[in-house]
Every structure is written in structure tokens, then in C-alpha cells.
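Read the structure below first, then the notes.
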Protein chains: 2
Amino acid sequence: MGTTEVDTRERIVAATSALFMQQGYSATGLKAIAKAGRATTGSLYHFFPGGKAELAAATLRHSGRGYEELVMSVIDGAPDVVTGLRACFAAAADLLRATDYVDACPIATVALEVASSDEPLRQVIDEVFRSWLDAAARRLAADGVPEERAQELAIVFVAALEGGFLLSRVARDASAMESVGRAVVAAVEDALAEARRGS
Amino acid sequence: MGTTEVDTRERIVAATSALFMQQGYSATGLKAIAKAGRATTGSLYHFFPGGKAELAAATLRHSGRGYEELVMSVIDGAPDVVTGLRACFAAAADLLRATDYVDACPIATVALEVASSDEPLRQVIDEVFRSWLDAAARRLAADGVPEERAQELAIVFVAALEGGFLLSRVARDASAMESVGRAVVAAVEDALAEARRGS
DNA sequence: CGGTCATTAGAACGATCGTTATAGTGCGAG
DNA sequence: CTCGCACTATAACGATCGTTCTAATGACCG
């Protein structure tokens with residue numbers, strides 16, 4: 001049995017994620033996915049009998065988990081949340097520059113395409129974002145940000161990241177990502193200072 | 001000559017904008033646009049000889065100008081920038097709720113689709129965003145925010161709007177838009193307070 | 001060796017894509 | 001009235017879409 005079928009499956013998902021990144025959902029054909037993932041149409045439908053919809057759902061879940069782990073590991077690798085967040089935005093800006101502004105968030109691209117026209121996929125993305133927000137809020141709370149404020153700052157964090165990706169990719173200039181990063185860091189610092197001062 | 005041809009042209013652009021909003025660029029077929037705009041394929045190619053690409057460019061420019069005027073009119077209708085910004089985010093949240101989270105920004109959706117795969121359209125969107133950022137920065141500077149800070153806050157403003165649209169549409173809950181709104185307002189208030197205090 | 005089954009290869013389906021071509025409409029100018 | 005031109009209608013093109021189907025491959029088990 002080995003690991004062959006698992007590798008093919010993961011290769012297909014990885015190829016799908018890469019294509020979603022730079023073309024979105026609708027513009028990415030199954031033939032292109034098969035070619036990029038070194039698979040055939042038959043193989044593709046063997047692993048994803050539900051066709052494009054099932055493949056997209058699997059890809060979004062996979063990418064969502066991957067990005068969450070990446071972000072959380074960067075933050076946890078820092079002495080505190082504030083410097084962790086700073087590192088996050090710096091890493092995102094570096095990644096954009098290093099990949100010619102291609103490597104960003106495939107989930108956001110697909111999200112805007114399907115949010116109002118493909119309910120099953122919208123729900124998948126909703127779960128992914130919810131998981132991100134929960135993880136970020138927990139991490140902020142662990143560093144002393146009050147519960148309610150932590151949830152709001154988590155939303156601001158994710159929205160800033162996605163907004164930064166959008167503006168940076170369109171402008172082919174990562175300075176937008178750095179700008180929103182500074183704003184998020186300042187907001188978190190404020191919340192922490194207020195928490196230490198107040199009740 | 002009358003206004004017939006102008007009306008048809010504008011009807012096509014409006015229909016395109018609406019379809020881009022909920023489906024994006026690739027998923028929106030020319031046939032669907034023609035039907036929604038009460039036009040035919042021939043009529044469509046008469047007004048936009050460049051085909052889908054030219055129609056998309058015209059639509060993005062048109063929508064971009066429209067949103068810029070809308071946002072600036074809301075801000076200018078308020079006594080100061082801070083309450084103007086508050087009104088902006090409140091209006092965006094209300095619009096999302098009123099339209100079942102469909103009516104958002106067609107430009108962001110198309111932007112993520114084409115930023116790395118369609119250079120001409122990317123440049124059009126780049127111009128649109130640049131115009132937004134310039135207008136917002138000028139408005140912030142007019143209310144006393146130092147030049148450099150105004151440009152950065154303009155980026156934060158637009159990124160927050162787009163990030164708020166994304167999260168709110170996916171979650172079908174406009175509270176994310178309200179959260180990012182509060183963060184932007186706080187950041188601007190801070191900048192104004194600092195400007196009044198410092199040099 | 002023979003048989004089973006997961007996996008692959010690739011052809012073929014109808015539908016729809018963006019685009020083009022052609023014929024036809026109707027209105028304003030001379 | 002008639003010519004010209006802006007505009008419309010519709011059919012058709014080749015290409016590609018997502019999907020289905022049938023064969024064939026190949027490794028493991030009795």
C-alpha cells in the first residue's frame with residue numbers, strides 16, 4: 001500500500017492551492033490542476049468523487065489549517081504577542097516580495113468569489129476563518145488582553161492581514177502590509193497598556 | 001442621438017458590476033452580463049470592442065469612482081473626519097445587512113483574481129486603489145493629521161474596509177465591519193491627539 | 001500462479017466559454 | 001424619399017469547461 005496514494009492526494013491539494021492563489025476558483029480548470037499536480041482526470045475523481053467542489057473544500061481546509069499553524073508558530077516563537085505580531089506582518093511582507101506578490105492567501109480569493117454564490121464553500125471558509133479568529137483571540141487573551149477586547153483585536157488582525165495582502169498584491173509593493181501591521185501592533189499595545197492600568 | 005446608447009452602455013456596466021460582486025470576474029459570462037443588462041452580444045461588442053477585458057476595465061473604473069465619491073461624500077457630510085469615518089463603517093455594515101451580504105466591493109473580488117494573472121486589469125485596479133488612498137490621505141491631512149501619518153492611516157482605512165467586507169460576507173455577520181471600524185477610528189483619534197500635543 | 005482492488009490513463013460527453021460574422025433594424029441628415 | 005450609420009439580433013465558431021466512462025495498470029493476498 002505504501003504512501004503513494006497519500007502523496008498524490010496531497011500533491012493535488014497543493015497544486016490546487018497554488019492555482020487558487022493566483023487565479024481564484026472559477027478560473028482554475030480541473031485539467032490545469034491535474035497537470036500541475038502530475039495527475040490525470042481519472043485520478044482526480046478517484047480521490048475527490050465530489051468533483052471540483054469537494055476538491056476545493058479539501059484545499060481550503062488544508063490551506064486554512066496550514067496558515068493557522070504557521071501564524072501561531074511565528075507568534076509563539078516570539079517572547080510576547082506584540083513582537084510576535086510584528087514578526088507576522090514582517091514575514092508576510094517578505095513573502096510577498098520574495099514571490100513576486102503571488103504567494104498570499106488563496107482562501108480570501110476564493111472567499112470573495114463564492115461568498116454569495118456557493119453556500120457549501122462559503123460555510124467551509126466560514127469555519128476556517130472562525131478557527132483563525134478563535135486561535136488569535138485565545139493567544140491575545142493569554143498575554144493579558146481582556147476577553148472581549150481580544151476577540152475584537154483578533155478580527156482586526158485577520159482583516160488587516162487580508163487587507164494588506166490585497167493592497168500589496170495590487171500595488172506590487174509590500175509597504176501596505178507593513179503599514180497595517182504597525183496599526184495592529186499599536187492597537188494591541190494600547191489594549192495591553194489599558195489592561196495593566198485599569199481594572 | 002438622444003441618450004439611448006449612453007443608457008445601454010451604463011446599464012451594461014452596472015450589470016457587470018453587480019455580477020462581479022457576487023461571482024467575480026471569471027465566473028461571470030458575457031451571456032449573463034448581456035441578459036442582466038438587457039443587451040445582446042452584438043450590442044455588447046459594439047460598446048466594448050475589446051471584449052470582456054475592456055468591459056471589465058470600464059466597470060472597475062466606474063465602480064472605483066462611484067465608491068470613492070460615495071465614501072468622500074459620507075465623510076464630508078460629517079462635522080469632522082473621525083465621525084465621518086465612523087459613519088462610513090456604520091453605513092458599510094448596514095449595507096451588508098440590508099443586501100444579505102451581497103453588496104460589497106466588486107473591485108476587491110476581481111483584484112485578488114487577476115492581481116497575478118492579468119496585468120492590464122491589475123494596473124487598472126492599482127490606479128483605482130491609488131486614487132482612493134490619495135483622496136483619503138488628503139482628507140485626513142485636511143483635518144490635521146501629519147502628511148506621512150495620513151498616508152499610512154489611509155492605507156489602514158482601505159485595508160480595514162476590504163478586510164471587513166471579506167470577514168463579514170463570509171460570516172454573514174456585519175459585526176466584523178464594526179470591529180475594524182472602531183480600530184480605525186481609534187487609530188485616527190490617536191494620530192490627531194498626538195498631532196495636537198506634539199510638534 | 002490467479003484474482004482482487006486501488007489507482008491511473010485517456011477518450012468522449014454535452015454545455016458553456018469568449019469571440020466573430022452577417023443580416024437587419026430604425027432614425028437623422030441631405 | 002433615400003442614403004448612411006449607429007445599434008441590435010442571432011447564429012455559429014473553436015476552445016475549454018466539469019464530468020463520466022471504459023480499459024488498463026500494478027501491487028498485494030491466497
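Residue numbers start from 1 in every chain, and the chains themselves are labelled A, B, ... in the order their sequence lines are given, proteins ahead of strands. All of these numbers come straight from a predicted model, not from anything done at the bench.
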Subject >> A/R38 CZ - C/dT7 P separation (whole Å) >> reply: 17 Å
Original post:
Is any side-chain heavy atom of A/E194 closer than 4.5 Å to a side-chain heavy atom of A/D190?
Top reply: no
**OP:** Using a strict 4.0 Å threshold on nitrogen-to-oxygen distance, state whether A/R130 and A/D134 make a salt bridge.
**Re:** no
Subject >> d(CZ, A/F47; P, D/dT20) in whole Å >> reply: 18 Å
Subject >> Within 45° cone and under 6.0 Å: B/K52 NZ/CZ vs B/Y25 ring >> reply: yes
Original post:
Salt bridge between A/R172 and B/D126, side-chain N to carboxylate O under 4.0 Å?
Top reply: no
**OP:** For A/L44 and D/dT20, give me the distance from atom CG to atom P, rounded to whole Å.
**Re:** 13 Å
**OP:** Using whole Å, report how far CD of A/E54 lies from P of D/dT19.
**Re:** 11 Å
Please tabulate, for the side chains in residues 151-160 of chain B, all donor-acceptor contacts under 3.5 angstrom to protein atoms that are two or more places apart in sequence or on a different chain.
unit_1	atom_1	unit_2	atom_2	d
B/E152	OE1	A/S179	OG	3.4
B/E152	OE1	A/R182	NE	3.4
B/E152	OE1	A/R182	NH2	3.0
B/E152	OE2	A/R182	NE	2.8

Subject >> Check ion pair B/R97-B/D173 (N to O, under 4.0 angstrom) >> reply: no
Original post:
When the distance from CG of B/D7 to P of D/dC7 is rounded to whole Å, what number comes out?
Top reply: 12 Å
Original post:
Tell me: CZ of B/R11 to P of D/dC7, nearest whole Å?
Top reply: 13 Å
**OP:** Sugar-phosphate means primed atoms, P, OP1 and OP2; the rest is base. With that split, encode nucleotides 14-24 of chain C 5' to 3' as B, S or - using protein heavy atoms under 4.0 Å.
**Re:** ----SBB----
Original post:
Can you check the B/H46 NE2 to D/dA9 P distance for me, whole Å?
Top reply: 12 Å
